Structure formats: structure tokens, C-alpha cells
Amino acid sequence: MQSYQEKPLQKPVKLGGSVDNDRAKHIKELFAKHYDNKIAVIVLEQQGNYGKTVHVTAKVDLTDMNKKALRFYSFDMQNNKFILTNPQPRFWIDEKKYLHFDTFYAGDIVITDRALSKRGGLNISR
């Protein structure tokens, strides 16, 4: 896991996101070609990182996943690899089935319930 140091925001950040836009669908299709994992995807408008930890709430499909063992990966486009955002993430699912978690990383967040199982093509970062 990469370490980071929070600092005051120096510029505006984008706080929007989607679980079902064209980019999220494309990531799911691409991911299925290279990995065996069942996944959910959240595409955050901000790229890279936020400069500090932010709270994210999203309604994602976690069907057939172990909801007590979720892992959060951020896709590093510059290095073409997934980064495990936190080996012991704090998250919860509320009564309306919204997933809540904190993240320093932005961009494309891939959620699964186990280590990435590679078929070939993309790098894995654990």
C-alpha cells in the first residue's frame, strides 16, 4: 500500500461520481477480460487523489460478494495498475443498502471481496 500525507486542499476538487455511466460499464467489461473477481465500480470525477480523506456513499451491486471482506482498489492510469487503497478498510452498508467508505484515492474505484485474481494483461498491486 502506498502511504500518503493529508494536507489542506490547495485547489477545488470534484466530488461527483457514478456507478452506471459508460466509463463504469467499460471498466467492468475490461476487468472481466483480465480478472476472475466479481466487482462493483465507482467512477469518481476527481482523478488521482483528493489530498485528504473523503467519505463516499454509493449504491453499488454487491451481489454474491462477501460483504464483510470488501477490498477497495484504485486504478492508477499512469502506471496501468490497481492499488489496494487500504488493507483494512473501514466501511459499512446501511439499511438502504448504500455502501459507505473513506478514501484518499479518487478516479476509478473497483470493489471486490478478495485479492485480485489475474487472467492476464494488467498488473496487480496488493
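Just so it is clear, the structure is predicted and the values come from calculations on it, not from any experiment. The figures that follow rest on heavy atoms only: side chains count, while hydrogens, waters and symmetry mates do not. Quick note: residue numbers are just sequence positions, from 1.
In this structure, Gln46 CD and Thr103 OG1 are separated by 11.0 Å, a value rounded to the nearest 0.5 Å. How far OG of Ser117 is from NZ of Lys38: 15.5 Å, rounded to the nearest 0.5 Å. In this structure, Ile39 CD1 and Asp113 CG are separated by 11.5 Å, a value rounded to the nearest 0.5 Å. Note that OH of Tyr35 is 9.0 Å distant from CG of Leu30, once rounded to the nearest 0.5 Å. We find the CZ-NZ distance between Phe104 and Lys52 to be 10.0 Å, quoted to the nearest 0.5 Å. Atom CZ in Phe75 sits 8.5 Å away from atom CD1 in Ile27 (nearest 0.5 Å).
Asn79 places no side-chain N or O within donor-acceptor distance of the main-chain N or O of Lys81, the cut-off being under 3.5 Å.
With ring centers used as reference points, Phe72 lies under 6.0 Å from Phe91. Within the 6.0 Å centre-distance limit, the rings of Phe82 and Phe31 are counted as a close aromatic pair.
Looking at every heavy atom in both residues, Ser18 comes nearest to Ala24 through O-CB, 4.5 Å. Closest heavy-atom contact between Ala106 and Ser74: O-OG, 3.3 Å. Minimum interatomic distance between Lys96 and Lys59 (heavy atoms only, all atoms of both residues): O-NZ, 3.2 Å.
Considering only residues two or more places apart in sequence or on other chains, Ala40 meets the side chain to side chain contact (heavy atoms under 4.5 Å, CB included) condition with Val60, Leu62, Met65, Ile111. Taking Thr112 as the reference, Asn37 meet the side chain to side chain donor-acceptor pair (under 3.5 Å) condition, with sequence neighbours excluded.
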Please lay out, stage by stage, how Leu116 and Tyr73 fare under the test side chain to side chain contact (heavy atoms under 4.5 Å, CB included).
CA-CA 9 Å; Leu116 296 180; Tyr73 291 88; 3.6 Å; yes
Given side chain to side chain contact (heavy atoms under 4.5 Å, CB included), test His100 with His55 step by step and report yes or no.
CA-CA 7 Å; His100 297 255; His55 183 77; 3.2 Å; yes
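At least one side-chain heavy atom of Arg114 sits less than 4.5 Å from a side-chain heavy atom of Asp36.
Within the structure, the salt bridge (Lys or Arg N to Asp or Glu O under 4.0 Å) test picks out no pair touching residues 41-50 (sequence neighbours left out).
The neighbour count for Asp22 CG, taken as heavy atoms of other residues, nucleotides or ligands under 6.0 Å away, does not exceed 12. Atom NZ of Lys97 has 12 or fewer neighbouring heavy atoms from other residues, nucleotides or ligands inside a 6.0 Å radius.
Of the candidates Ile42, Val43, Val41, Ile109, Ile42 is the only one forming a side-chain contact (heavy atoms from CB on, under 4.5 Å) with Val19.
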